[in-house]
Every structure is written in structure tokens, then in C-alpha cells.
Amino acid sequence: MSIQTKSNIDIENYLIKQKEIIDNHLKKVFEEKCFLHPPELWEAVKYSLLDGGKRIRGIFCLATLDSINNKYLQDCLTVASSIETVHAMSLIHDDLPSMDNDDLRRGKPSCHKAFGEATAILAGDAMLSLAFQLVSEYTKDISDNQKLKLINILARAFTLGLVPGQILDLKNSENLGDLKLTENIYNLKTAELIRASVLCGAVIALDSDNQSTKKQFNPKKEKILKHLSNFGLKVGIAFQIIDDILDITGDTKTLGKTSGKDKDQKKGTYPMIIGVERSKEIAKSLISEANLELKQISINTYILSELSNYVINRIY
Ligand code: GRG
């Protein structure tokens, strides 16, 4: 049922260009004079946010907008930047000694190694708040109703996803057999934010009513949101499986973070529990299922589908 017209896009090129667009947009945020004092705080934020990262979550947000109608593109870029800001803050906190305790991130010393633990924690706090400030203050054309929905989607990804997922993950050492628990952790700590990224793009494209306080049920829109939501979750779980395979098969220099940590910490990841090959098969079948979700809706899903294939192609 989906219309697949944009069939001539080179995904590698597309990823490079979209990353550059998001990087430049983020850089512009810090031209604002209010983000200067005290310097050590904002240097730590910029160190962790501006330099590096694939920007895959922001790209999913932009691609979802593009798959529907490309309305409010500039605002979507601000929201994509906001998503990358919360993602980068979660990496700062994940690297802290009391969490995953990693010295390396995006190919350089992690934030607490470069700036000290207290500044790293506060940089993360500032970034989480900055993300909501970007959506509420730096968007220009979307309605207040849309802003509220976007803020709600991001907040829920944290309260019901990343934070509970991180708590469970911290207790996940010595789990060498419980695949269901591991799937739940992947769902929460990784897939919820990828799903939120897709949903944010959809809300920008599909909702525009500033006045209406009544919730009007639109079956066509609800159907699109439902399938995009399922798509985001499945891609997100596959993304974490691939990340954990790369922890075993990749090297520290290429990954930009310490490889082999899951084994050292005896963490119950998919490849640790069922092996690399079986994990690859499951990730592949999740991506196929995700692409089937896209086939249920009549929007141009070509780029989203290419992006989901890219997630799996990272291990080949
Ligand atoms: C403190 C409110 C608060 C929340 C933080 C620490 C935490 C809760 C959650 C951790 C979530 C986490 C780090 C999940 C791992 C997700 C993952 C696969 C990260 C790597 O993503 P990539 O490969 O990284 O997209 P780049 O560097 O490319 O952006």
C-alpha cells in the first residue's frame, strides 16, 4: 500500500548530509549568548554534543517528516537537535563511574574524564533541560498543541523508557540466560527513544491544530502513528542487538568506545546469551518486521525503510 517514489537515494550520502545539517543546527544553538556562563559547564556540553555521533535518532525524526509531507522542516530540525541533545546527555550519564563506567566515548575521553564527575553530571542535567527549551522556545511555526505533544513524547521516553531501562541494565550483570529480561531492557533503554524520534517527526507532519482542545479521533492518522510506533520499537531493539554484537566483534578505535565491555561486566546481552550468529538473525528478522509495519500505511516510506536496513548493515 505504501508509495515508494524516492527510490534513487544513496543512503550513505543521505546519512552524511543529514548528519551535517543536524550538526550545523546544533552549533547555531550555542551562538546564543545565554549558553556561555560558566564556561566549564557549556564547554562540557559542547564537548559531548557537538563533536561526533551518527545522529541516527535525529535523522529518523527528519526522515519521518519527509515520508509524510515535509511541513515545518526548520522546526523539525530543532526537534531533531533536541532529540540528539537528550541522547547525548544519556551517554554522558551512562559513562559515569556509578553507571557503565566508560572512559571513552565518540573516540575521545568521556565527559567525566575530560571535565570531572560533578561537571559531567551537571552538563547532562543542563542538556536534558535544554532539549525541552529547544522544543518550547526555539521552534517557530508549529502549534502549541504540537509542542506539548512533542515534549510529552520525549518526557515519556525518559520516564517510561531510558531511566527504568538503565536501572534494569545496571542490575543485569551476571544475567547469562534471561533473554526476555534483556529484550525488555533493550526496549526501554534504546528502542523507546528511537520510537520517540519517529513519533516526533509524525506529530510535526500530522498535527497542526492550535485551537482545538477537543481530541478528535482521526482513524487514518491513528493508523499511521500506530504503525510508525511499531516500526520505531522494532528498529530500536534491532539497533541495540547490533550495538551489542559490535561490542564483541568491533574494535575500540572503530567504535569510538571501549569494546568487549559486556563480557568484562558479564552483561546479559543477546550475543552473550544466544551467540552472535543467532543474534544477527533475530536483528534481521526484526528489521523485516519493521519494514512490514511500513507497508501497512500509505506514506512514502522509502527512506525510513532504507534507514532501517542501514541499522542492520552496520555489522556487514
Ligand atoms: C539521567 C534522566 C537520565 C537518564 C539517563 C544513562 C541512562 C539514563 C540511559 C542510558 C541509555 C543508553 C546509553 C542506552 C544505549 C543506547 C545506545 C545503543 C547508544 C549508542 O547510540 P549510537 O550508536 O551513538 O547512536 P552515537 O555516538 O552515534 O550517537
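Starting from 1, each residue takes its place in the sequence as its number. As the structure lists them, so they are numbered: ligands from 1, and atoms in each ligand from 1.
Distance check, rounded to the nearest 0.5 Å: CG of Asn101 to NZ of Lys261 gives 5.5 Å. Expressed to the nearest 0.5 Å, how far OG of Ser279 lies from CD of Gln240 amounts to 11.5 Å.
For ligand 1, none of its N or O atoms has an N or O atom of Lys257 under 3.5 Å away. Polar contact with ligand 1: present for His87 (N/O pair, distance under 3.5 Å).
The environment of NZ in Lys17 is sparse: at most 12 heavy-atom neighbours from other residues, nucleotides or ligands sit within 6.0 Å. Lys284 NZ: 12 or fewer foreign heavy atoms inside a 6.0 Å radius.
One finds a salt bridge joining Lys280 and Glu277 here, because a Lys/Arg side-chain nitrogen approaches an Asp/Glu carboxylate oxygen to under 4.0 Å.
Listed by atom number, the atoms of ligand 1 under 4.0 Å from Val163 heavy atoms are 2 (C), 3 (C), 4 (C). When each atom of ligand 1 is checked for a heavy atom of Asp243 under 4.0 Å away, the hits are 18 (C). Short contacts between ligand 1 and Ser90, defined as distances under 4.0 Å to a heavy atom of the residue, involve ligand atoms 6 (C). Ligand 1 places these atoms under 4.0 Å from at least one heavy atom of Gly53: 26 (P), 27 (O), 28 (O), 29 (O).
Among all non-hydrogen protein atoms, the one lying nearest atom 15 (C) of ligand 1 is Gln240 OE1, 3.8 Å. Considering only non-hydrogen protein atoms, atom 21 (O) of ligand 1 sits nearest to Arg57 NH2, 3.2 Å. For atom 11 (C) of ligand 1, the nearest non-hydrogen atom of the protein is Lys189 O, 3.8 Å. For atom 1 (C) of ligand 1, the closest heavy atom belonging to the protein is His93 ND1, 3.0 Å. Atom 8 (C) of ligand 1 has as its closest protein heavy atom Gln166 CB, 3.9 Å.
Taking the six-membered ring where the residue is Trp, Phe231 and Phe60 present perpendicular rings, their angle passing 60° and hence far from 30°. Between Phe115 and Tyr47, the ring planes are perpendicular. Angles over 60° get that label, and only those under 30° would be called parallel.
Counting heavy atoms under 4.0 Å from ligand 1, residue Lys54 touches it through both backbone and side chain. With a heavy-atom cut-off of 4.0 Å, Asp94 touches ligand 1 through backbone and side chain alike. Contacts of Glu84 with ligand 1, taken as heavy-atom pairs under 4.0 Å, are absent altogether. Counting heavy atoms closer than 4.0 Å to ligand 1, residue Arg106 contributes side-chain atoms (C-beta onward) but none from N, CA, C or O.
Judged by distance alone, the side chains of Ser81 and Glu84 never bring a donor and an acceptor atom under 3.5 Å apart. Side chain to side chain, Thr258 and Thr252 fail the donor-acceptor criterion of an N or O pair below 3.5 Å.
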